[in-house]
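Taking it in order: structure first as structure tokens, then the write-up.
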Amino acid sequence: MKAKEPILLIGGGGNCKSVIEAIESEGKYQVAGIVDAPDRVGKLVLGYPIIGSDEDLPEFLKQVPNALITVGQLKSAASRIRIFDAIKAAGARLPVIVASTANVSKHALIGEGTVILHGALVNADAVVGVNNIINTGAIIEHDAVTGNHCHISTGAVLNGDCVVGNEVLIGSNAVLKQGIKIADKAVVGAGSIVLKDVDAGMVVVGNPAKIK
Ligand SMILES: CC(=O)SCCNC(=O)CCNC(=O)[C@H](O)C(C)(C)COP(=O)(O)OP(=O)(O)OC[C@H]1O[C@@H](n2cnc3c(N)ncnc32)[C@H](O)[C@@H]1OP(=O)(O)O
């Protein structure tokens, strides 16, 4: 059996727990440790130690060749982008993680550092950008596209041919009608039904979704 490669996780909150669950189920990587705030060093997350804080990151990345961002993304993608850039600058690798119960078409493309959590589906000819969270039970249908640094929350549905820009949050259980375009940095509120395209930076909520 192939030995598991070590991986460093950056961010030790709730998203980290879901990602650990996915990593353990996939069985390709062994969590070497977690980086979080200085006052949390020494604590455990699902049995894995918080081994240092942000300032130790460059040193850790010399020792562990794989890293993933496990900070959540609800307000802005800024923290996740900052860490992504630091990992890239250090020359470490950001693997794709696919949970054992997720389903990713062999005809889909997934960018580096993206996690596909339990029960999610990415269908044929979908393209998912780098550093995305495709959360539990989300659906990215055929030919749909997400940009970089997006969070497609739990149970959200991007129907066929939808195009989502960079740094977008699609809230839990939101549904995008087929072919809808969501521009960069927009937010779709939880449970919203999106029937019209959404401009950059807009926050839309409701059924049908309207600007908040
Ligand atoms: C594993 C996980 O936990 S993944 C986490 C998944 N989390 C999500 O999907 C949450 C997504 N975020 C949301 O839906 C948020 O409510 C946002 C981003 C749309 C808005 O957040 P805020 O700006 O803080 O809005 P706030 O809570 O102040 O509400 C403002 C108004 O919008 C309404 N509103 C907020 N969100 C929604 C929504 N999803 N649908 C309908 N109305 C909404 C509120 O009822 C409120 O209305 P009022 O002014 O008439 O009282």
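Because the structure is predicted, anything quoted here is derived from the model rather than measured. Because only heavy atoms are used, hydrogens play no part in the values below, and waters and symmetry mates are left out as well, while side chains stay in. All ligand and atom numbering here is 1-based and tracks the order in the structure.
Among residues two or more places apart in sequence or in another chain, the side-chain hydrogen bond (donor to acceptor under 3.5 Å, both in side chains) test is passed with Arg40 by Asp36. Scanning for side-chain hydrogen bond (donor to acceptor under 3.5 Å, both in side chains) contacts around Ser53 gives an empty result, with sequence neighbours left out.
Rounding to the nearest 0.5 angstrom, the gap separating the CD atom in Glu167 from the OG1 atom in Thr146 is 12.5 Å. Here the CD1-NZ distance, from Ile23 to Lys28, works out to 11.5 Å after rounding to the nearest 0.5 Å. To the nearest 0.5 angstrom, Ile7 atom CD1 is 4.0 Å from Leu68 atom CG. Distance check: Leu121 CG to Ile134 CD1 gives 11.0 Å after rounding to the nearest 0.5 Å.
Side chain to side chain, Asn159 and Glu141 fail the donor-acceptor criterion of an N or O pair below 3.5 Å. A donor-acceptor contact closer than 3.5 angstrom is absent between the side chains of His107 and Asp125. Under the 3.5 Å distance criterion, with hydrogens and angles disregarded, no donor-acceptor pair is assigned to the side chains of Asn135 and Ser153.
Not a single protein heavy atom sits closer than 4.0 Å to atom 50 (O) of ligand 1. For atom 38 (C) of ligand 1, a protein heavy-atom neighbour is found at a distance under 4.0 Å. Counting protein heavy atoms under 4.0 angstrom from atom 9 (O) of ligand 1 gives one or more. Distance check on atom 19 (C) of ligand 1: some protein heavy atom falls below the 4.0 Å cut-off. At least one protein heavy atom sits closer than 4.0 Å to atom 42 (N) of ligand 1. Atom 32 (O) of ligand 1 is flagged as protein-proximal [any protein heavy atom, distance under 4.0 Å]. Atom 3 (O) of ligand 1 is never approached by the protein to below 4.0 angstrom, counting heavy atoms only. Protein heavy atoms are found less than 4.0 angstrom from atom 25 (O) of ligand 1.
For atom 6 (C) of ligand 1, the closest non-hydrogen atom on the protein side is Ser153 OG, 3.7 Å. At the shortest separation from atom 15 (C) of ligand 1 among protein heavy atoms lies Gly189 CA, 5.0 Å. Nearest to atom 23 (O) of ligand 1 among the protein's heavy atoms is Lys212 NZ, 3.1 Å. Ranking protein heavy atoms by distance to atom 36 (N) of ligand 1, first place goes to Val205 CG1, 3.9 Å.
Atom numbering of ligand 1 starts at 1 in the shown order; those under 4.0 Å from a heavy atom of Asn135 are 1 (C), 4 (S). Close approach of ligand 1 to Thr154 is summarised as follows: ligand atoms under 4.0 Å from at least one heavy atom of the residue are 1 (C). Each of the atoms 9 (O) of ligand 1 lies under 4.0 Å from some heavy atom of Gly171. Close approach to Val187 involves these atoms of ligand 1, each under 4.0 Å from a residue heavy atom: 18 (C).
Within the structure, ligand 1 has Leu74 among the residues with a heavy atom less than 4.0 angstrom away.
The residue from Asp197, Ile170, Ile182, Leu176 that alone fulfils the side chain to side chain contact (heavy atoms under 4.5 Å, CB included) condition with Cys162 is Leu176. Under the side-chain hydrogen bond (donor to acceptor under 3.5 Å, both in side chains) rule, Asn131 has a single partner from Glu112, Lys88, Arg80, His151, which is Arg80.
Looking at ligand 1, you'll find an N or O of Ala190 within less than 3.5 Å of one of its N or O atoms. Between Ser172 and ligand 1, at least one pair of N/O atoms sits closer than 3.5 Å.
In this structure, Leu44 places its CG atom where more than 12 heavy-atom neighbours from other residues, nucleotides or ligands lie under 6.0 Å away.
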